Engineer: 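Next up is a structure, given as structure tokens.
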Number of protein chains: 4
Amino acid sequence: MIAPKKRIETSPWAPFEDRRRARDEKRDAVLRMAVRMFLEEGYHRTPLAKVADRLNITKPALYNYFRSKEEILHELYRRGDEQYEASFGRIERAEGDGLHKLRELIRAYVHIITTDSGMCFARLDDRELGEDARTEVRRSKRRYDTAFRVQIAAGIDDGSIRTCNPKLAAFAIIGALNGIADWYRLEGELSVEAIAEEFALRLTDGLAAPPSRARSAAAPKAAAKSRKR
Amino acid sequence: MIAPKKRIETSPWAPFEDRRRARDEKRDAVLRMAVRMFLEEGYHRTPLAKVADRLNITKPALYNYFRSKEEILHELYRRGDEQYEASFGRIERAEGDGLHKLRELIRAYVHIITTDSGMCFARLDDRELGEDARTEVRRSKRRYDTAFRVQIAAGIDDGSIRTCNPKLAAFAIIGALNGIADWYRLEGELSVEAIAEEFALRLTDGLAAPPSRARSAAAPKAAAKSRKR
Amino acid sequence: MIAPKKRIETSPWAPFEDRRRARDEKRDAVLRMAVRMFLEEGYHRTPLAKVADRLNITKPALYNYFRSKEEILHELYRRGDEQYEASFGRIERAEGDGLHKLRELIRAYVHIITTDSGMCFARLDDRELGEDARTEVRRSKRRYDTAFRVQIAAGIDDGSIRTCNPKLAAFAIIGALNGIADWYRLEGELSVEAIAEEFALRLTDGLAAPPSRARSAAAPKAAAKSRKR
Amino acid sequence: MIAPKKRIETSPWAPFEDRRRARDEKRDAVLRMAVRMFLEEGYHRTPLAKVADRLNITKPALYNYFRSKEEILHELYRRGDEQYEASFGRIERAEGDGLHKLRELIRAYVHIITTDSGMCFARLDDRELGEDARTEVRRSKRRYDTAFRVQIAAGIDDGSIRTCNPKLAAFAIIGALNGIADWYRLEGELSVEAIAEEFALRLTDGLAAPPSRARSAAAPKAAAKSRKR
DNA sequence: CATGAATGAGGGTTCATTCAT
DNA sequence: GATGAATGAACCCTCATTCAT
């Protein structure tokens with residue numbers, strides 16, 4: 001009821017909060033601009049001065065938010081990783097056979113790799129990073145590979161996926177997915193959902209166990225169902 | 001027949017010939033060294049001085065064979081393109097339905113992308129090139145995309161491939177194939193042939209038309225066969 | 001006796017006084033921290049940000065007490081100079097022959113150069129200062145040189161010091177004393193008093209005129225001998 | 001006799017030799033210019049661009065001879081060390097009692113510290129160097145200290161030097177000697193020899209053991225007296 | 001008073017490329 | 001044809017200092 005109440009209550013903290021938020025927003029703006037330019041032009045062909053210019057600040061101002069150009073890159077990878085990690089974790093903890101989860105992984109991957117931070121893993125070169133960060137990024141990449149392999153192996157076990165070399169199959173799928181980063185921006189007519197669905201089916205149909213007569217009735221249904229979404 | 005004969009025959013030009021050959025061999029050596037180092041370390045992280053060093057020559061000596069670092073890169077792309085072009089042309093001119101040719105394209109692509117020059121298209125960044133060369137490289141890339149799309153479309157027409165979006169399907173396949181360049185060197189246990197065969201089948205089975213009863217007898221056999229290997 | 005008494009007495013001016021004192025104390029704290037870090041790391045390798053950090057304040061806060069980094073340095077020299085000036089003046093005004101006063105100067109110098117501000121003259125580089133301040137500092141240094149020379153000359157006159165080049169002798173002594181700043185912190189086992197006494201004797205014994213007839217015969221010989229070399 | 005003979009004889013080597021000499025001369029010129037400017041202005045206040053300017057070359061040209069600014073500094077120390085090392089070694093291996101050798105060390109030190117490279121140890125700050133080089137320089141400095149201490153201790157043993165704390169005495173002498181670097185350039189009227197001789201005598205007379213019985217009675221008294229203070 | 005943010009002025013280093021020999 | 005040397009253009013990063021809040 002009393003107007004200043006809220007003000008009084010939050011008074012001691014507000015400045016801090018506001019400051020921090022403003023700061024975080026700026027830091028974020030730097031990252032968003034940087035990732036766009038890195039993706040567009042390439043990391044090493046993007047001087048920080050240009051990034052700063054487009055943000056209407058000066059080059060050293062960036063150093064209020066990051067310790068080095070490399071740290072910006074590292075942070076971009078980290079943000080990408082958070083997305084992958086969250087999505088993959090959710091899928092892994094959910095119910096479903098190997099094939100289903102594999103398709104979910106594909107859908108998730110498509111949704112992430114079509115975002116700026118998601119694209120970093122596919123389009124930026126982790127050799128620009130120092131030893132430690134590079135190791136971290138590569139660990140993430142291996143973790144994604146593994147996520148796919150695990151579901152493929154699970155699918156083979158539970159009969160939802162035909163026998164194959166899980167490692168190679170995972171490489172093929174991830175390769176196809178990473179490739180999206182190369183053409184997505186330029187082929188604007190397709191929605192992310194459409195791409196996700198198409199890849200989820202196209203990349204797995206070939207892996208799905210061939211419909212035995214018994215299964216031949218069920219599989220088409222599943223396919224039809226998933227196609228609806 | 002006699003060993004020196006050839007020498008005698010070419011005698012007047014021999015110096016020229018020899019010179020030119022020696023020159024070409026050196027030029028070639030530069031390219032081979034350069035591509036390896038570019039692939040290993042990245043183009044812009046590979047100073048020409050290091051390339052020269054490993055060849056036991058000096059940096060300016062490189063300028064006897066190439067006008068610029070960029071020209072080296074350009075030439076590498078060109079050599080890669082020659083391979084793709086030759087293989088693709090041969091396949092396109094051959095007999096067979098869409099599915100067959102698609103598989104042949106995949107096999108050819110695997111064989112080329114596992115070579116140094118073939119890897120350039122997938123692992124080097126054409127944005128390092130100047131306007132003209134970049135345009136040329138991108139035309140090549142589009143041409144490969146098109147090659148795959150055409151066979152997919154042909155396969156859809158001739159019934160060997162199930163209905164799908166040829167552009168997306170081609171992107172998926174090429175993405176999977178380009179991905180090979182990311183892991184091939186590190187996963188040494190697999191032969192190129194094995195990879196080629198696995199990818200040719202794995203990436204197409206899902207695209208192949210659903211086995212009619214007539215076909216359903218044949219397809220499993222093929223699958224079984226490939227599994228044995 | 002009662003705690004608040006002092007507070008009550010100064011009551012009307014207390015805020016001002018307190019303020020000023022608080023301010024001076026802070027200014028002082030800055031100087032004490034700065035001198036320690038300048039001596040430890042070197043002036044130009046000590047960013048103000050680090051000084052501020054260790055004081056748990058922020059960099060621009062320093063500018064409330066000093067107009068520039070250079071002013072801090074200048075002030076440090078000034079504080080050192082006050083000490084030298086006070087001690088030297090006291091000695092010069094006291095009684096005693098040249099040798100005695102020379103020894104007193106040495107003792108005083110040791111006591112001052114083993115303090116932080118005293119060390120500034122020996123360990124910091126006055127070329128970091130601007131024209132005016134640098135001139136001032138150099139005037140101080142010359143003044144110290146002169147103080148030593150004057151007593152040496154006086155000693156020569158009054159017979160307490162043997163004939164020698166006063167300028168060179170003063171340089172030697174001051175050099176030896178300044179050198180203390182290079183090792184004092186690291187050779188913790190010696191008390192300032194011990195060092196002062198040792199230097200006062202060691203650096204002058206050779207300069208002192210032979211006190212007795214017995215000596216007057218021996219000393220020239222030694223000198224003659226060593227001169228032969 | 002034949003003019004070109006020499007030319008022919010040295011022919012195959014001359015280019016190499018000439019090249020190498022020219023290169024070494026230039027490298028040397030860089031070092032000589034650098035040391036002068038470093039001593040004059042201070043290391044960190046001397047941009048490489050200015051050094052290059054005075055040599056009529058451009059900044060990056062310096063990188064043909066040195067890998068970094070720090071390496072130049074390091075090399076300067078090394079050249080200084082060579083001089084000290086050579087002189088000290090010669091003296092240590094020679095004949096003579098402690099006092100004699102101590103005086104020789106002093107003379108040598110004066111001769112070296114009045115040269116540009118010799119001055120580096122006294123006037124440049126080894127904290128500008130990286131870990132390794134700094135350690136090396138400090139080892140050198142300790143070695144010089146030790147050289148003096150050893151002779152003082154030897155002199156005490158052989159009776160040529162009166163009992164005293166060798167460490168402190170060495171510090172005092174080296175301090176006095178290093179101080180020369182602070183005033184030598186500016187006090188041009190004195191020859192190096194004169195300074196060397198004056199310091200050799202002035203700094204040791206006080207340390208020399210009283211030569212005669214006559215003195216042995218007087219000296220303790222003086223010491224006792226001054227100790228009362 | 002104190003703070004976060006921003007700036008301007010450099011400085012060291014790298015590297016493709018050119019040139020005289 | 002090859003070399004050593006040199007250059008110019010960038011680029012990253014640091015830091016003292018200022019300013020609005």
Side-chain angles (χ1 to χ4, degrees), chain A residues 15-16 18-20 22-23 26-27 43-52 55-72, chain B residues 19 22-23 26 43-52 55-72 128, chain C residues 19 22-23 26 43-52 55-72 128, chain D residues 15-16 18-20 22-23 26-27 43-52 55-72:
Chain A
F16 282 123
D18 285 2
R19 284 270 172 108
R20 213 169 55 88
R23 185 187 171 75
K26 286 184 192 169
R27 203 181 123 102
Y43 174 78
H44 87 273
R45 277 181 305 274
T46 308
L48 286 187
K50 267 190 199 164
V51 178
L55 292 165
N56 291 316
I57 58 175
T58 58
K59 195 174 29 164
L62 296 173
Y63 286 80
N64 278 322
Y65 308 103
F66 302 94
R67 272 196 304 273
S68 70
K69 191 185 183 186
E70 195 197 307
E71 199 189 68
I72 296 180
Chain B
R19 284 267 176 108
R23 188 189 160 75
K26 286 185 194 168
Y43 174 77
H44 88 274
R45 277 182 305 275
T46 308
L48 287 187
K50 270 190 196 165
V51 178
L55 291 165
N56 290 316
I57 60 174
T58 60
K59 194 170 31 160
L62 295 173
Y63 285 81
N64 285 319
Y65 309 108
F66 301 94
R67 271 199 305 272
S68 69
K69 191 185 184 186
E70 193 197 309
E71 202 189 65
I72 296 180
E128 307 277 3
Chain C
R19 284 266 176 109
R23 187 189 160 77
K26 285 184 194 170
Y43 174 77
H44 87 274
R45 277 182 304 275
T46 308
L48 287 187
K50 270 190 196 165
V51 178
L55 291 165
N56 290 318
I57 60 175
T58 60
K59 193 170 33 158
L62 296 173
Y63 286 80
N64 285 320
Y65 309 107
F66 302 93
R67 269 199 307 273
S68 70
K69 190 184 183 186
E70 193 197 308
E71 201 189 66
I72 296 179
E128 308 277 5
Chain D
F16 282 124
D18 285 2
R19 283 271 171 105
R20 213 169 54 90
R23 184 189 170 75
K26 286 185 194 168
R27 202 182 124 101
Y43 175 77
H44 87 274
R45 276 181 306 276
T46 308
L48 286 186
K50 269 190 197 163
V51 178
L55 292 165
N56 290 317
I57 57 174
T58 58
K59 194 173 32 159
L62 296 173
Y63 286 79
N64 277 321
Y65 308 103
F66 303 94
R67 271 196 303 274
S68 70
K69 191 184 184 187
E70 194 197 307
E71 200 190 67
I72 296 180

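Values below: every heavy atom of this structure, side chains too, minus hydrogens, waters and symmetry copies. Fair warning: this is a prediction, and the values are worked out from it, not measured in the lab. Within every chain, numbering begins at 1; the chains are lettered A, B, ... in the order of the sequence lines, protein sequences first and strands thereafter.
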Engineer: Identify whether any heavy atom of D:Pro47 sits under 4.0 Å from a base atom; if not, whether one sits that close to sugar-phosphate; answer base, sugar-phosphate or nothing.
Structural biologist: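 It contacts sugar-phosphate atoms only.
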Engineer: Provide, to the nearest angstrom, the distance between the NZ atom belonging to D:Lys69 and the P atom belonging to F:dT14.
Structural biologist: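 Computing the D:Lys69:NZ to F:dT14:P distance gives 16 Å.
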Engineer: Between F:dT3 atom C1' and B:Leu48 atom CG, what is the distance in whole Å?
Structural biologist: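 The answer, rounded to whole Å, is 16 Å.
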Engineer: Identify, between A:Ile57 and D:Ser68, the residue whose nearest nucleotide on DNA chain E lies closer to the 5' end.
Structural biologist: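 Counting from the 5' end, the first nearest nucleotide belongs to A:Ile57.
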Engineer: For the pair made of CZ in A:Arg27 and P in E:dA6, what is the distance, rounded to whole Å?
Structural biologist: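 Atom-to-atom, A:Arg27 to E:dA6, this comes out as 14 Å.
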Engineer: What is the pairing partner of F:dT21, taking Watson-Crick or G-U wobble pairs with both distances under 3.5 Å in any strand?
Structural biologist: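 Partner of F:dT21: E:dA2.
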Engineer: Under 4.0 Å between any heavy atoms, over every strand shown, what does D:Tyr65 touch: base, sugar-phosphate, or nothing? Just pick one.
Structural biologist: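 Result for D:Tyr65 = sugar-phosphate.
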Engineer: Heavy-atom nearest nucleotide on DNA chain E for B:His44 versus D:Tyr43: which residue maps closer to 5'?
Structural biologist: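 Closest to the 5' end, via its nearest nucleotide, is D:Tyr43.
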Engineer: Quick check: closest heavy atoms across B:Ile72 and B:Leu48, and the distance to 0.1 Å?
Structural biologist: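 Scanning both residues, the minimum pair turns out to be CD1-CD2, 4.1 Å.
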Engineer: Return the value, rounded to whole Å, for the distance between atom NZ of B:Lys59 and atom C1' of F:dG1.
Structural biologist: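 Whole-Å distance recorded here is 18 Å.
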Engineer: Quick one: does D:Lys69's side chain have a donor or acceptor within less than 3.5 Å of a partner on D:Tyr43's backbone?
Structural biologist: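 Here the side-chain-to-backbone pair exists.
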Engineer: Under a 3.5 Å limit for both distances, which nucleotide forms a Watson-Crick or G-U wobble pair with F:dG8, could you say?
Structural biologist: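 Check on F:dG8: paired to E:dC15, both distances under 3.5 Å.
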Engineer: Do B:Glu71 and B:Tyr63 have side chains that approach each other closer than 4.5 Å (heavy atoms only, starting at C-beta)?
Structural biologist: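 They are not in contact (no side-chain heavy atoms under 4.5 Å apart), so the answer is no.
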Engineer: Counting only distance, no hydrogens or angles, is the base of F:dA5 paired donor-acceptor with the side chain of D:Asn64 under 3.5 Å?
Structural biologist: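 It does not, because no donor-acceptor pair links the side chain of D:Asn64 to the base of F:dA5 below 3.5 Å.
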Engineer: Whole Å only: how far is the NZ atom of C:Lys50 from the P atom of F:dT14?
Structural biologist: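 Roughly 10 Å, once rounded to whole Å.
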Engineer: In whole angstroms, how far is the P atom of F:dG4 from the CG atom of B:Leu62?
Structural biologist: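 So the CG-P distance, B:Leu62 to F:dG4, works out to 13 Å.
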Engineer: With respect to the side chain of A:Pro60, which nucleotide from E:dG8, E:dT14, F:dA6 is positioned closest?
Structural biologist: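 The nucleotide sitting nearest to the side chain is E:dG8.
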Engineer: Grab the CZ-P distance between C:Arg45 and F:dC13 for me, whole Å please.
Structural biologist: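 Atom-to-atom, C:Arg45 to F:dC13, this comes out as 21 Å.
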Engineer: Rounded to whole angstroms, how far apart are CZ on D:Arg23 and C1' on F:dT3?
Structural biologist: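 To the nearest whole Å, that distance equals 12 Å.
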Engineer: D:Ala52 and D:Lys59: which non-hydrogen atoms are nearest, and at how many Å?
Structural biologist: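 For D:Ala52 versus D:Lys59, the nearest heavy atoms are CB-N, 3.6 Å.
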Engineer: Measuring to OP1 and OP2 of F:dC19, would you say a side-chain N or O of C:Tyr63 lies under 4.0 angstrom away?
Structural biologist: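 Checking C:Tyr63 against F:dC19: no side-chain N or O falls below 4.0 Å of OP1 or OP2.
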Engineer: For B:Arg45, does the CZ atom sit with more than 12 other heavy atoms under 6.0 Å from it, leaving out its own atoms?
Structural biologist: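 Atom CZ in B:Arg45 is packed in, count exceeds 12.
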